[in-house]
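Reviewing the structure listed below.
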Amino acid sequence: LPADTLSQPARFGFGRAATEAEIAAVDIDVRPDGKGLPKGEGNALEGKAIYALKCGGCHGATGTEGPNDRLVVGDTTKGGARRIKAIGNYWPHATTVFDYIRRAMPFNQPGSLTDREVYSLTAFLLHANGLWDEKAVLNAKNLPKIQMPARDKFVPDDRKDGPEIR
Amino acid sequence: LPADTLSQPARFGFGRAATEAEIAAVDIDVRPDGKGLPKGEGNALEGKAIYALKCGGCHGATGTEGPNDRLVVGDTTKGGARRIKAIGNYWPHATTVFDYIRRAMPFNQPGSLTDREVYSLTAFLLHANGLWDEKAVLNAKNLPKIQMPARDKFVPDDRKDGPEIR
Amino acid sequence: ASIVLVQTASGKAFQAALTASELADDPTKIPGVPPGVLGTRSPFEKPVKTPSDTSSRTPLQDLHGMITPSDLHYERHHGGVPAIDPTKYELVIHGMVEKPMVFTLADLKRFPSVSRIAFLECSGNYRGSNDGKIRPQEICGLTSQSEWTGVALSTIFREAGVSPKATWFLAEGGDAAVMTRSVPVHKGWDDAIIAYAQNGEAIRPEQGYPVRLFLPGWEGNANVKWLRRIELADAPFMTREETSKYTEAVGGGKIRQFSFTMDARSIITYPSYPAKVEKGWIEIRGIAWSGRGKVSRVEVSTDAGKTWQIARLQEPVLDKAITAFRHLWHWDGTPTEIMSRTVDETGYVQPFLKQLLNARGGNMGYHFNPVTTWYLQGDGAVLFKA
Amino acid sequence: ASIVLVQTASGKAFQAALTASELADDPTKIPGVPPGVLGTRSPFEKPVKTPSDTSSRTPLQDLHGMITPSDLHYERHHGGVPAIDPTKYELVIHGMVEKPMVFTLADLKRFPSVSRIAFLECSGNYRGSNDGKIRPQEICGLTSQSEWTGVALSTIFREAGVSPKATWFLAEGGDAAVMTRSVPVHKGWDDAIIAYAQNGEAIRPEQGYPVRLFLPGWEGNANVKWLRRIELADAPFMTREETSKYTEAVGGGKIRQFSFTMDARSIITYPSYPAKVEKGWIEIRGIAWSGRGKVSRVEVSTDAGKTWQIARLQEPVLDKAITAFRHLWHWDGTPTEIMSRTVDETGYVQPFLKQLLNARGGNMGYHFNPVTTWYLQGDGAVLFKA
Ligand code: HEC
Ligand code: HEC
Ligand SMILES: [Ca+2]
Ligand SMILES: [Ca+2]
Ligand SMILES: [Ca+2]
Ligand SMILES: [Ca+2]
Ligand SMILES: [Ca+2]
Ligand SMILES: [Ca+2]
Ligand SMILES: [Co+2]
Ligand SMILES: [Co+2]
């Protein structure tokens, strides 16, 4: 055995302790249980206006037209329904909508939205998918409780080593 | 065993036969026994003039001054004699002088010399190293016979696998 | 190449007398370019990736062996390639740890380091074609291989004191997408690397400069680039990339999630479209890999799958690494189909497209690794068949 | 890296309101560069070779792992780098063969191919320094490692029908030096490669594009680049490069010739000049190689050679290949000397400079592979000692 594996220390002492402020500055994720959601609130009506201004150009007037990702399920009676993967039929957690919009949208101005804007856009998109009331206030308390239609569709990876094809 | 190692053919049939002319066009080497030396001849007096014109600028007026490789042993009484590696004290075969000059010199115009020029330059450099008569004609017959002082210094590699340092 | 011993007395006159095209004909007569600070690529060689808005594909059919030149490594990003100043770079680790910490790039480089040659592959790495005019680059060019060097994530876990109760961690990038993926903690204890070097030099910007997460054998997206933060937790974070994306319908209305491992795969890269071959001996060449471990065998069929023969594997065959395979074959000119399939050390056999569709309720999507079949026409042209 | 959630209603206004330096501070707020046809090197990373008139040295101290990026592969040439049109390229094989032949580049690529990762090293790869201010790049930067792919020379020998009486062959380059070396035929039957690829892509011009001879473990000069001709014979040709050059005085007035094998060697690349280190844990890193086969062991001393410890070798340890080694050490700040030595699988132990001088009658020259000692000052500065 090489000599140095014997002398590996429990800790090397490189790096430094992170301060709470440092962590807070980057700790922007939002979990399914709502952990990470900021204070504040928003609503679909406000969201609708912001959407029209900042989002519709890429996702379509009603969130179904594109050119970029379809956000709203919309009419599934027309062909291609199987390929529609929108918030209302494919997203298992409402918190992900908030998290993703805040970190990554609008695509050309990522990270530019206020928390109120993000709450309102989330409320609007949930409403457009038939999952939230147009006038209700969305906040850290009620957002995680929204039941998403796709929730029970998700199953963990069951592929294993070996010959089985899955 | 992979299946294809069984079916390796004796020949693949890729490439084509080389013609004698094709070989002759590239077969420019000269061997210690003189094989490869072209017809023709040269002499040191002619070589001296060509040297002054085309070589001296890089190897010095007498072949000892540089700036590039020292070609002539010259005065070894002054310090650094041990580091002098010139034609007269380090080259085991006279044929190499012809071969190398023809393929690679002058450095800025490689491959530009006629065979007569190369014979003459070889004669001149051998003469300058005290190994050839200034007026004698050098040709394919006598060049390989020149006894080079360094000939017996060369020994084959005797390093072996294992702990011995050589 | 041929050398002409021109009869002239003056070197200078000689060179001036030659035309430019004659000069180019005989490089033995012109001093070449002197040594430089950086090597170059021959102007006659122009390997290129094929970029879209979101990805760029490695020209597999133009490559040899197992290493991908770094500038030909495939790209897939969700907010473009950020420009990161390495002196300002910091990695934060927090959440279920004894001691939340910040590491500079210099800090990371001080820890014991580890190197390994391993593939990286996007789990969305499949395309077909109806007219057959599609190259390996389009079919599965979202895979590449490098030698990666960095610090084992387990070393960083120990330094921060990861709680034994932590089961998942969030890896977050510093790009415009602030890319996030949840990764099981066990992968961190197993073989994950916080990588800062690729093929000997600093990781390229497109691959995560200055620091990326590298998860040997796991789908590309989870190998978060431009890594800025690791948060330990006791559940996955359910980010957009592990819910809306990088999940696949598997039939019965179910969607498979956290499907990290890349299934075993291979492709014949020669002969492949658009190459044209001649009758006679042909060395069939390709690459094979598995996210589960070593490639144990590659089988090649030259009769449309009726019989299979074992290809030669180029040593060293490494864990979770692209392995070059070769199979010598004598083609009599009869139209046929050629194909390859990998068997990995766990016994997984690369499936046909039909088997995959059957197993997944008729769905295509991520983790689609079917056998690629090439149709060899009588005239030597090669077309993608399935 | 830190993210600031700026309070503003308009995306456009927001970006305009930021100054350029603030933007640079937070790449998460600006879309990055889209995917491209070729990857790039970070503008913050500028590894460079150090060129002289005749060579250019690999920055070993800046590299990680075992692969050398192709544009950082060392250079040594005798007539500059020729520009060769691959469609005009031909390789002639003649002399003691049944059938003298000509191969185009396309012909060569049709033969069964072989790949291997192996080092290449100039046998003149040694420099020292009086003031200690010399980097691994200067000391022994004339070594590099690539994955080489090509056709086994034995395959070409069989195709041309090399006579059983042939004992040497001349390898000739198509550069301005028309470089020539005599090589024993047995190396051709053993493991020589006619190589056309390097690290996955076509060989770079500086390394012999389109085709070079590759002789695993043998001195760089004999690995003739831009190979245009092979002539089989029953004696060596005694070219200038194997008489006037690439021979070494070994004492007793004798000069060693045809010394092909590169002796085992190693160097600590970290810490090395000009790095400065801190007290505490240091991972000593370096590379080791042997032209005789695999590195079997690297020993590291941190007490000026009094005691030696066995370093970890990075797998895979390959035949005639650079192997990364690492040794974890706790430095208390006392000035000391650190050094490494390779032991290869034949039992050869990398010697000290004094041993080499003793064995060679006090001469230095080609094949000089002494242990490199670094002096570690109390302030953490590192200087070359011997
Ligand atoms: C300039 C174009 C553009 C604008 C403006 C834009 N988006 Fe997007 N959006 C995209 C693109 C492109 C993606 C896909 C990104 C990816 O896959 O990495 C996307 C993805 C999304 C997704 C995820 C979709 C899915 O199915 O996974 C959501 C939600 C979203 N955008 C919401 C918004 C909202 C809300 C706004 C306005 C505040 C917005 N977008 C503005 C281009 C845009
Ligand atoms: C522009 C500079 C230049 C000119 C002109 C030049 N040489 Fe050279 N010569 C060199 C260089 C540089 C080398 C070393 C090349 C190498 O090592 O690859 C060399 C090497 C040599 C050598 C080998 C020396 C040794 O010790 O190995 C000989 C012989 C030689 N030259 C002869 C000639 C002759 C004869 C001419 C004129 C016809 C000539 N040179 C003109 C630069 C020049
Ligand atoms: Ca968090
Ligand atoms: Ca969608
Ligand atoms: Ca962002
Ligand atoms: Ca000959
Ligand atoms: Ca000399
Ligand atoms: Ca020449
Ligand atoms: Co997956
Ligand atoms: Co030698």
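Sequence lines set the chain letters: A, B, ... in the order given, protein chains first and strands last, and positions in each chain run from 1.
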Contacts table for residues 153-161 of chain C: side-chain donor-acceptor under 3.5 angstrom, sequence neighbours left out:
| from | atom 1 | to | atom 2 | distance (Å) |
| --- | --- | --- | --- | --- |
| C/E159 | OE1 | A/F12 | N | 2.7 |
| C/E159 | OE2 | A/F12 | N | 3.1 |
| C/E159 | OE2 | A/G13 | N | 2.6 |

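Within residues 141-150 of chain A, no residue has any heavy atom less than 4.5 Å from a heavy atom of chain C. The stretch residues 29-36 of chain A places A/D29, A/V30, A/R31, A/P32 near chain C, each with some heavy atom under 4.5 Å from a heavy atom of that chain.
For chain A, the nearby parts of C/N363 are the backbone and the side chain; heavy atoms of each come within less than 4.5 Å. With a 4.5 Å cut-off on non-hydrogen atoms, A/Y100 touches chain C through its side chain but not through its backbone. Contacts of A/E164 with chain C are made by backbone atoms alone, with heavy-atom separations under 4.5 Å and no side-chain atom involved. With a 4.5 Å cut-off on non-hydrogen atoms, C/R110 touches chain A through its backbone and its side chain both. In this structure, the portion of C/E248 lying under 4.5 Å from any heavy atom of chain A is its backbone and not its side chain. The contact between C/H367 and chain A is made entirely by side chain atoms (from C-beta outward), counting heavy-atom distances below 4.5 Å.
Residue C/K109 qualifies as enclosed at atom NZ: its count of foreign heavy atoms under 6.0 Å is above 12. Within a 6.0 Å sphere centred on NZ of C/K294, heavy atoms belonging to other residues, nucleotides or ligands number 12 at most. Shown here is C/D53, whose CG atom has no more than 12 heavy atoms of other residues, nucleotides or ligands within 6.0 Å.
Put simply, CZ on C/F260 and CG on A/D157 are 8.5 Å apart, with the number rounded to the nearest 0.5 Å. To the nearest 0.5 Å, atom CG of residue C/N358 and atom CD1 of residue A/I165 are 11.0 Å apart. The CE atom of C/M238 lies 7.0 Å from the CZ atom of A/R151; values are rounded to the nearest 0.5 Å. With rounding to the nearest 0.5 Å, the separation of CG in C/D263 from CZ in A/R159 is 4.5 Å. Atoms CG and NZ, from A/D158 and C/K254 in turn, are 12.0 Å apart once rounded to the nearest 0.5 Å. Atom CZ in A/F14 sits 8.5 Å away from atom CG in C/D107 (nearest 0.5 Å).
Side-chain N or O atoms of A/R103 include none that pairs as donor or acceptor with a backbone N or O of C/T180 at under 3.5 Å. Looking only at distances, no side-chain donor or acceptor of C/S244 sits under 3.5 Å from a matching main-chain atom of A/W91. Judged by distance alone, with hydrogens and angles left aside, the side-chain atoms of C/T346 form no donor-acceptor pair with the main-chain N or O of A/D161 at under 3.5 Å.
Between A/D69 and C/R240 a salt bridge is recorded (basic side-chain N to carboxylate O distance below 4.0 Å). Salt bridge A/D27/C/R229: present, at least one basic N to carboxylate O contact under 4.0 Å. A salt bridge is defined here as a Lys NZ or Arg NE, NH1 or NH2 lying under 4.0 Å from an Asp or Glu carboxylate O, and C/E90 with A/R16 meets this definition.
For the pair A/T95/C/F237, no side-chain contact is recorded, criterion being any heavy-atom separation below 4.5 Å from C-beta on. Looking at C/V92 and A/E22, their side chains never come closer than 4.5 Å, going by heavy atoms from C-beta outward. Within the 4.5 Å cutoff, side-chain heavy atoms of C/K99 are placed close to those of A/R11.
When each of A/D99, A/T19, A/I23 is scored by its heavy-atom pairs under 4.5 Å with chain C, the top score falls to A/I23. Heavy-atom pairs under 4.5 Å with chain A peak, among C/A235, C/P351, C/S259, C/A233, at C/S259. Taking C/T247, C/L108, C/V250, C/L91 one by one and counting their heavy-atom pairs under 4.5 Å with chain A, the maximum is reached by C/T247. Options C/Q257, C/Q350, C/E345, C/R256 differ in how many heavy-atom pairs under 4.5 Å they form with chain A, and the most are formed by C/R256. Top candidate by heavy-atom pairs under 4.5 Å with chain A, chosen from C/D344, C/T261, C/N369, is C/T261.
Inspection of the A/Y90 and C/T243 side chains reveals no N or O donor paired with an N or O acceptor under 3.5 Å.
Across all their heavy atoms, C/V102 and A/A18 have their closest contact at CG2-CB, 3.5 Å. Pairing each heavy atom of A/P110 with each of C/A176, the nearest pair is CB-O, 3.4 Å. Counting all heavy atoms, side chain and backbone alike, C/P112 lies closest to A/Q8 at CG-NE2, 4.4 Å.
By the side-chain contact (heavy atoms from CB on, under 4.5 Å) test, C/V349 pairs with C/R341, C/V343, sequence neighbours left out.
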Using side chain to side chain contact (heavy atoms under 4.5 Å, CB included), reason through C/E172 and A/I28 one step at a time and then give a plain yes or no. CA-CA 10 Å; C/E172 186 174 85; A/I28 60 169; 3.7 Å; yes
